[in-house]
Amino acid sequence: MTITAGAPPAQGPRADHALGFVTGGVIGASLTAFVSGCVVGKASLIVGGLVLPAVTGLLFLLVTQPRRAREAAAVPRTALAVIESLEAVEGVASDVPTRFELSVAPDDGPAFRVEVRQSVNRVELTDYRPRGIVVVEYPPDRPWKLRIVRRPTPEWEERAAGARVDSVPGPAMRSESPAGCAGCFLTLLGLLLGVAAVLLLFRADLFDRDEGKGGAAPEPTVSSSTFATSMTSETGTVTLDPGRSMLDEGELRAAVESLTQGADRHGAFTLVAQERLLTVVFAPEGLSGFDPRSLPYDRLPALVEEAGNGAGSRRSWQLTAENVTGSVTLRIVVTGDRGTRTLEADEHGKVLSRSGS
């Protein structure tokens, strides 16, 4: 029996490029979010980087469930095929990966040419030779998913023994189409867009905190204002850039000196320091105050740490220095996730009392 060739069936439409683009975007966004969250200590970014791939995978399964159900319910077609060529890959395993190029001649449709890869037992490899007739099965809507039937039914085995299948001209369909330059480009583009989206949406958290760290440290921003009571008093403020703290070595001392150096100011009534803000209220002319440069700055980080004992993770702190009683008193208030703690010390940094709520 001779089976002649006809026009090959068209290969079904694919969404490989779109899937590659989405996959690249998810990988870029999730990795960037996870790494950035670890660097800046932002839990929402870390969780988002872990959840995004899982959610995307779940959505993909839900969207493709109807198609996969239809493919599973489709009855495969059986046909005869002639081996145009085969190439086995050498290996030590008992099953040898082999590339087959076949001309397939279905009973109820046009013949077509297809290239498949299938593992063949090393002992059975000699049974396959060019121009040999084999029995194959394939989904009716995806002929490139074809496989060679190793143990066909007696009916098909008898048909294969007496059949002759003509070769099908033209290029062969492949079971694994290469992605090509366009697919690789779209995947890379999706990855870059995913990275850019995360960096753009969270630029304030990722970049503002590092501003001013590189290169030379910027000078503190100094502002002053005056207000009238019975006498004129002056207030000076210093605000540090994001990423810097008044508890960093030398920061608070430098901030105080920036307000007092080269200025005709008298002693201070009050000095208030927080994480990035310093406020000094200077005494009016004719009244005495304490010298804000004389505070025990080297002891302040340790005092803040000691004041926060029992308050849990530190959320905020405030140092107030004043001389209402005639001697300078340092009052440190630390607020944490377990409450608020207060410590008082003298002008030399000696602890006088502790309290908490």
Side-chain angles (χ1 to χ4, degrees), residues 15 17-65 184-215 217-218 220-221 237-249 251-252 255 272-279 301 304-319 332-342 356-357:
H17 289 173
L19 181 60
F21 177 79
V22 174
T23 302
V26 171
I27 293 175
S30 59
L31 285 179
T32 305
F34 180 79
V35 174
S36 300
C38 292
V39 171
V40 304
K42 193 173 182 64
S44 59
L45 280 175
I46 298 176
V47 174
L50 296 175
V51 170
L52 180 59
V55 172
T56 304
L58 179 60
L59 290 176
F60 177 78
L61 291 177
L62 293 176
V63 170
T64 59
Q65 176 61 30
C184 295
F185 173 77
L186 287 175
T187 301
L188 178 61
L189 178 62
L191 190 146
L192 295 178
L193 289 178
V195 172
V198 173
L199 296 180
L200 182 64
L201 290 174
F202 299 94
R203 61 186 181 279
D205 296 317
L206 299 178
F207 300 115
D208 288 353
R209 63 182 291 124
D210 295 327
E211 191 180 40
K213 285 187 177 180
T221 302
T237 62
V238 174
T239 303
L240 296 181
D241 293 327
R244 299 169 61 185
S245 170
M246 289 294 179
L247 292 181
D248 293 342
E249 184 177 359
E251 286 285 7
L252 185 54
V272 179
Q274 297 174 339
E275 185 68 17
R276 293 173 47 209
L277 179 65
L278 167 68
T279 303
V304 173
E305 186 70 25
E306 185 176 351
N309 289 339
S313 299
R314 190 173 70 209
R315 295 178 179 173
S316 64
W317 63 273
Q318 177 175 298
L319 162 69
I332 301 173
V333 180
V334 177
T335 301
D337 55 8
R338 297 180 185 174
T340 301
R341 298 291 187 273
T342 303
S357 60

Trainee: Look up atom CG in L31 and atom CG in L191, then write down how far apart they are to the nearest 0.5 Å.
Mentor: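 The CG atom of L191 is 7.5 Å from CG of L31, to the nearest 0.5 Å.
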
Trainee: Which value, rounded to the nearest 0.5 Å, describes the distance between R341 atom CZ and I332 atom CD1?
Mentor: 15.0 Å

Trainee: I need the L50 CG to F34 CZ distance, nearest 0.5 Å.
Mentor: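 Reported value, rounded in 0.5 Å steps: 5.5 Å.
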
Trainee: Looking only at heavy atoms, which two atoms of A29 and L52 are closest? And how far apart?
Mentor: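 So the minimum-distance heavy-atom pair works out to CB-CD2, 3.8 Å.
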
Trainee: Looking only at heavy atoms, what is the nearest atom pair of V304 and V334, with distance?
Mentor: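 Scanning both residues completely, I find the closest heavy atoms to be O-CG2, 3.7 Å.
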
Trainee: For a side-chain contact (heavy atoms from CB on, under 4.5 Å) check, start with the C-alpha distance between V22 and F60, then their side-chain angles and the critical distance, and finish with the verdict.
Mentor: CA-CA 11 Å; V22 174; F60 177 78; over 6 Å; no

Trainee: Under the 3.5 angstrom rule, does the side chain of R276 hit a backbone N or O of L240 as a donor-acceptor pair?
Mentor: yes

Trainee: For the CE atom of M246 and the CG atom of L252, what is their distance to the nearest 0.5 Å?
Mentor: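 If we round to the nearest 0.5 Å, M246:CE and L252:CG are 6.0 Å apart.
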
Trainee: According to side chain to side chain donor-acceptor pair (under 3.5 Å), who are the partners of S44, at least two apart in sequence or on a separate chain?
Mentor: none

Trainee: Please walk me through it: do T187 and T23 pass side-chain contact (heavy atoms from CB on, under 4.5 Å)?
Mentor: CA-CA 7 Å; T187 301; T23 302; 5.7 Å; no

Trainee: What pair of heavy atoms forms the shortest contact from A273 to L278, and how long is it?
Mentor: CB-CD1, 4.2 Å

Trainee: Donor-acceptor check, side chain of S36 to backbone of A33, threshold 3.5 angstrom: yes or no?
Mentor: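 The answer is no, because no donor-acceptor pair under 3.5 Å joins these two groups.
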
Trainee: State the OG1-CG distance between T32 and L201, to the nearest 0.5 angstrom.
Mentor: 11.5 Å

Trainee: First locate atom CG of L19, then atom CG of L186, and finally report the distance between them rounded to the nearest 0.5 Å.
Mentor: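 With rounding to 0.5 Å, CG (L19) is 11.5 Å from CG (L186).
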
Trainee: For E249, what residues pass the side chain to side chain donor-acceptor pair (under 3.5 Å) criterion, not counting sequence neighbours?
Mentor: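 Applying side chain to side chain donor-acceptor pair (under 3.5 Å) to E249 gives none.
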
Trainee: Take a 6.0 Å sphere around CD of Q274 and say whether it holds more than 12 heavy atoms from other residues, nucleotides or ligands.
Mentor: yes

